[in-house]
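The first residue in the sequence is number 1, and the count goes up from there. Order of listing sets the numbers, starting from 1, for every ligand and every atom in it.
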Amino acid sequence: MLHARTPAADRRVALREALAASRSGDSGPLRFPGAFNPLSALLIQRLGFDGVYVSGAVLSADLGLPDIGLTTLTEVAGRSGAIARVTDLPAIVDADTGFGEPMNVARAIQVLEDAGLAGCHLEDQVNPKRCGHLDGKSVVETAEMVRRVRAAVAARRDPNFVICARTDARAVEGLDAAADRARAYVDAGADMIFPEAMADLDEFAAIREAVDVPLLANMTEFGKSELFTATQLESVGVNLVIYPVTLLRLAMGAVEDGLRRIRDEGTQAGLVDRMQHRARLYELLDYADYNVFDDEIFNFRLSD
Ligand SMILES: C[C@](O)(C(=O)O)[C@H](CC(=O)O)C(=O)O
Ligand SMILES: [Mg+2]
């Protein structure tokens with residue numbers, strides 16, 4: 001009720017411990033589905049996942065915008081903070097290219113810390129950026145990204161806030177360059193590496209060889225990577241896997257089907273079986289628990 005009770009600092013400690021357990025082989029990769037709103041984050045927690053991812057692609061799509069770096073730090077912090085607040089799980093947010101210069105990166109880290117996030121990732125694309133699984137990307141010089149990472153690391157006040165460096169270089173400069181960049185970003189203080197758009201498992205393994213920090217894999221659909229299982233990713237040393245846009249794609253697929261049926265049939269009656277029941281929604285929201293404040297709040301019976 002009133003959602004998460006676990007302070008952000010404790011969630012960061014939990015994430016650090018879980019990543020360490022995965023690094024030492026005690027557990028497989030942590031699984032972080034992308035929440036498209038706070039409510040979906042509640043479901044992610046109820047279903048036993050390890051954490052919640054907040055995707056830039058989802059956040060911008062939610063605003064009716066393409067994922068090209070249009071969203072502001074205020075928007076990203078507001079939405080990711082609202083998502084982080086409802087869950088006891090650690091939440092990691094996509095900070096894109098860091099909202100500008102290294103000084104903007106530094107400010108972003110502090111704002112995201114204050115918003116209760118457990119970590120974020122910063123990428124080495126130029127602005128305007130694009131989805132890492134599209135062609136035609138450009139990356140900044142390694143030195144420029146190193147400045148972004150250093151600024152991020154120096155700015156955080158909680159040493160457990162995870163700063164993950166993403167490199168988009170694989171598609172632009174090749175795998176060796178991506179490995180070199182990963183090493184440089186770790187030397188600059190990155191806690192985790194996100195090698196974007198790996199073509200196959202061997203490529204993940206090559207990045208694993210290059211660095212000694214946790215590795216994140218992006219299992220986004222309709223992109224450049226096959227949808228590997230958690231077990232396959234574990235076999236090449238991946239420690240955290242995100243399913244960034246999966247829930248939004250599922251929901252929007254169902255929404256579009258439903259809209260067509262209502263438009264064509266004049267009723268949603270044939271769709272009710274596919275809907276989340278009102279009772280399940282209220283259960284997720286801990287509706288009945290609010291009676292602790294006032295026992296007149298949940299004093300009704302729900303129909304089937
Ligand atoms: C992970 C990602 O950065 C995101 O914003 O969720 C995207 C996902 C996508 O567009 O499919 C990405 O650049 O891979
Ligand atoms: Mg993104």
Quick note on ligand 1: atoms under 4.0 Å from a heavy atom of R249 include exactly 11 (O)
Spell out the protein N/O/S atoms under 2.8 Å from the Mg ion (ligand 2) as residue plus atom name.
-> D94 OD2
Any chance the rings of Y243 and F49 have centres within less than 6.0 Å?
-> no
shortest atom 13 (O) of ligand 1-to-protein heavy-atom contact is with G132 N, 2.7 Å
Scan side-chain atoms only and decide if D94 and S55 contain a donor-acceptor pair under the 3.5 Å cut-off.
-> no
With a 6.0 Å cut-off on ring centres, are F32 and Y53 close enough?
-> no
Polar contact flag for D94 and ligand 1 (N/O pairs, less than 3.5 Å) = yes
Side-chain donor-acceptor pair under 3.5 Å between R148 and N104, yes or no?
-> no
Does the side chain of R46 pick up a donor-acceptor pair with the side chain of T87 at under 3.5 Å?
-> no
For Y53, the ligand 1 atoms with a heavy-atom partner under 4.0 Å come out as 1 (C), 4 (C), 6 (O)
Please report the shortest heavy-atom distance between A184 and T142, naming the atom on each side.
-> CB-CG2, 3.7 Å
What are the two closest heavy atoms between Q232 and L201, and how far apart are they?
-> O-CD2, 3.8 Å
Under 4.0 Å from ligand 1, counting heavy atoms only, is it the side chain of F222, its backbone, both or neither?
-> neither
Residue selection (non-hydrogen contact nearest atom 10 (O) of ligand 1) among C131, G56, S225 = C131
To the nearest 0.5 Å, tell me how far D96 CG sits from I68 CD1.
-> 11.0 Å
Quick one: which of R166, E196, K224, E123 has a heavy atom closest to atom 3 (O) of ligand 1?
-> R166
Would you say R107 has more than 12 foreign heavy atoms packed within less than 6.0 Å of its CZ?
-> no
Within-cut-off N or O pair, A57 and ligand 1, under 3.5 Å = yes
At a non-hydrogen distance cut-off of under 4.0 Å, which region of K137 contacts ligand 1 (side chain, backbone, both, or neither)?
-> neither
Which heavy atom of the protein is the closest neighbour of atom 11 (O) of ligand 1, given with residue, atom name and distance?
-> T220 OG1, 2.6 Å
Where is the nearest protein heavy atom to atom 6 (O) of ligand 1: which residue, which atom, and how far?
-> S55 OG, 2.6 Å
Does CD belonging to E144 count more than 12 external heavy atoms closer than 6.0 Å?
-> yes
Counting only heavy atoms, which portion of D67 has something under 4.0 Å from ligand 1: side chain, backbone, both, or neither?
-> side chain
Side-chain donor-acceptor pair under 3.5 Å between Q125 and T97, yes or no?
-> no
Got a sec, which pairs hit ring pair (Phe, Tyr, Trp, His ring centres under 6.0 Å) with one end in residues 137-189, sequence neighbours left out?
-> none
Enumerated ligand 1 atoms positioned under 4.0 Å from heavy atoms of H133 = 14 (O)
